[in-house]
Protein chains: 2
Amino acid sequence: MDGCVTPEPDAARVAATRDRLVTPQEATRLAELFRLLGDPTRARLLYALLEAGELCVCDLADVVEVTDTAVSHALRLLRTAGIVASRRAGRMIYYRLADGHVRMLLDLSREHLREVT
Amino acid sequence: MDGCVTPEPDAARVAATRDRLVTPQEATRLAELFRLLGDPTRARLLYALLEAGELCVCDLADVVEVTDTAVSHALRLLRTAGIVASRRAGRMIYYRLADGHVRMLLDLSREHLREVT
DNA sequence: TGCATATATGAATAGCTCTTCAGGTGTCGT
DNA sequence: ACGACACCTGAAGAGCTATTCATATATGCA
């Protein structure tokens with residue numbers, strides 16, 4: 001069953017891993033989540049929201065130093081994926097991180113980088 | 001200083017956020033980390049390692065159902081970024097997740113998806 | 001109603017990424 | 001030393017992505 005000649009203990013581990021492994025669908029969704037965090041502009045937007053709690057589009061553009069349009073495009077992707085949430089106040093729209101998991105992900109990875117460096 | 005006319009409290013928040021925000025360099029490194037997790041093949045490889053602890057290239061290819069070559073390319077990126085580590089045993093090379101942070105990231109995001117769904 | 005502001009959207013292009021193919025390196029068994 | 005095996009690497013093409021420009025929608029104010 002293996003593609004290569006693995007020692008006995010490995011064969012068992014391979015079988016067990018294949019059973020417990022995330023499904024392709026789940027993997028796709030996980031990858032999609034990470035992929036959305038994996039762009040410098042979007043990452044900065046998210047960390048800005050992590051610090052500020054809530055910001056409108058133009059302030060986000062100002063903080064991150066990107067065009068309003070680029071921010072809007074980025075936020076649409078993040079919003080569609082449920083990573084950020086929005087609320088309207090007059091003509092401005094305030095964005096925030098969608099939930100605690102996202103906050104933890106951002107926090108954890110920042111820590112990771114600070115320790116690895 | 002703002003790109004738009006923000007209410008008073010917001011202006012303060014914008015200034016504070018700009019100060020505390022991750023630097024562009026840090027953001028780039030964070031995005032790079034996430035970007036590497038953000039591919040279905042690499043994600044499956046990492047979750048396979050999360051389950052198995054350690055696997056050689058050909059067993060990884062077998063579990064994830066991808067070409068040896070594709071796995072090799074993927075692992076090189078992950079290894080270079082310090083996300084996985086490797087050890088040679090004879091002609092096989094065993095890969096494992098590099099550290100606890102990576103494991104936590106994978107765990108946390110899987111939980112996130114399971115709760116959101 | 002008319003104008004300015006804040007954000008969203010669509011199309012297009014430049015740049016990047018993943019996979020595959022072909023070939024290369026290193027290790028084991030005989 | 002030779003052949004088989006496990007893995008790596010470089011080049012190339014198909015496909016995807018992020019930004020920009022132009023335009024559209026929506027809200028507030030006079």
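Both backbone and side-chain heavy atoms feed into the values below; hydrogens, waters and symmetry mates do not. The sequence lines fix the lettering, A, B, ..., with proteins before strands; numbering per chain opens at 1.
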Query raised in the report: To the nearest 10 degrees, how far apart in direction are the end axes of the helix from C:dT1-D:dA30 to C:dT30-D:dA1, each fit to five base pairs?
Result: 30°
Query - Atom-pair distance (CE on B:Met92; P on D:dC8), nearest Å - result: 13 Å
Query raised in the report: Want to settle it: does A:Gly90 or A:Glu32 sit nearer the 5' end of DNA chain D, counting the closest nucleotide to each?
Result: A:Glu32
Query raised in the report: Does the distance from a Lys or Arg side-chain N to an Asp or Glu carboxylate O, for B:Arg29 and B:Glu32, drop under 4.0 Å?
Result: no
Query raised in the report: How long is the line joining CZ of A:Arg76 and C1' of D:dT25, in whole Å?
Result: 15 Å
Report task. Check whether any side-chain nitrogen or oxygen of A:Thr67 sits under 4.0 Å from OP1 or OP2 of D:dT20, and answer yes or no. Result -> yes
Query raised in the report: Out of B:Asp107, B:Leu108, B:Leu106, B:Leu113, which residue meets the side-chain contact (heavy atoms from CB on, under 4.5 Å) rule with B:Arg110?
Result: B:Asp107
Query - Proximal nucleotide (of C:dA8, D:dA18, D:dA6) relative to the A:Val5 side chain - result: D:dA6
Requested in this report: Return the value, rounded to whole Å, for the distance between atom OH of A:Tyr94 and atom C1' of C:dA6.
Outcome: 11 Å
Query raised in the report: Taking atom CG of A:Leu45 and atom CG of A:Leu75, what is their separation to the nearest 0.5 Å?
Result: 5.5 Å
Query raised in the report: Which value, rounded to the nearest 0.5 Å, describes the distance between B:Leu97 atom CG and B:Tyr47 atom OH?
Result: 10.0 Å
Requested in this report: Round to a whole Å and report the spacing from CG of B:Leu75 to C1' of C:dC18.
Outcome: 14 Å
Query raised in the report: Do B:His73 side-chain and C:dT17 base share a donor-acceptor contact under 3.5 Å?
Result: no
Query raised in the report: If you round to the nearest 0.5 Å, how far is OG of B:Ser72 from CD1 of B:Ile93?
Result: 8.0 Å
Query raised in the report: B:Leu77 CG to D:dG10 P: how many Å, rounded?
Result: 12 Å
Query raised in the report: With sugar-phosphate meaning primed atoms plus P, OP1 and OP2, does B:Tyr95 contact a base, only sugar-phosphate, or nothing at under 4.0 Å between heavy atoms?
Result: sugar-phosphate
Requested in this report: Can you tell me the distance, in whole Å, between the CG atom of A:Leu78 and the P atom of C:dA8?
Outcome: 12 Å
Query raised in the report: Considering only side-chain heavy atoms of A:Thr69, which listed nucleotide, C:dT17, C:dA8, D:dC7, is closest?
Result: C:dA8
Requested in this report: Establish, with yes or no, whether the OP1 or OP2 oxygen of D:dT17 is under 4.0 angstrom from a side-chain nitrogen or oxygen of B:Arg35.
Outcome: no
Report summary line: To the nearest 0.5 Å, atom CG of B:Leu36 lies from atom CG of B:Leu77 at 6.0 Å
Requested in this report: Could you note down all residue pairs passing side-chain hydrogen bond (donor to acceptor under 3.5 Å, both in side chains) where residues 75-84 of chain B supplies at least one of them, sequence neighbours left out?
Outcome: B:Arg79-B:Tyr95
Query raised in the report: Could you state the CZ-C1' distance from A:Arg87 to C:dA6, rounded to the nearest angstrom?
Result: 15 Å
Query raised in the report: So which of residues 37-48 of chain A are in contact with DNA chain C, with a heavy-atom cut-off of under 4.0 Å?
Result: none
Report summary line: Out of C:dT20, D:dT27, C:dA8, minimum distance to the side chain of A:Arg91 belongs to D:dT27
Report summary line: Checking D:dC8, D:dA26, C:dT9 against the side chain of B:Val57 (C-beta onward), the nearest is D:dC8
Report task. State, yes or no, whether a side-chain contact exists between B:Val63 and B:Glu51 at a heavy-atom distance under 4.5 Å. Result -> no
Report task. Using heavy atoms to find the nearest nucleotide of DNA chain D for B:Arg79 and A:Ala74 separately, return the residue whose nucleotide is more 5′. Result -> B:Arg79
Query raised in the report: To the nearest Å, how far apart are A:Asp62 CG and C:dT7 C1'?
Result: 16 Å
**Report entry** Distance in Å, B:Thr17 OG1 paired with A:Asp59 CG, rounded so as to fall on 0.5 Å steps
**Finding:** 8.5 Å
Query raised in the report: When the ring planes of A:His101 and B:His112 are compared, do they come out parallel, tilted or perpendicular, using 30° and 60° as the limits?
Result: tilted
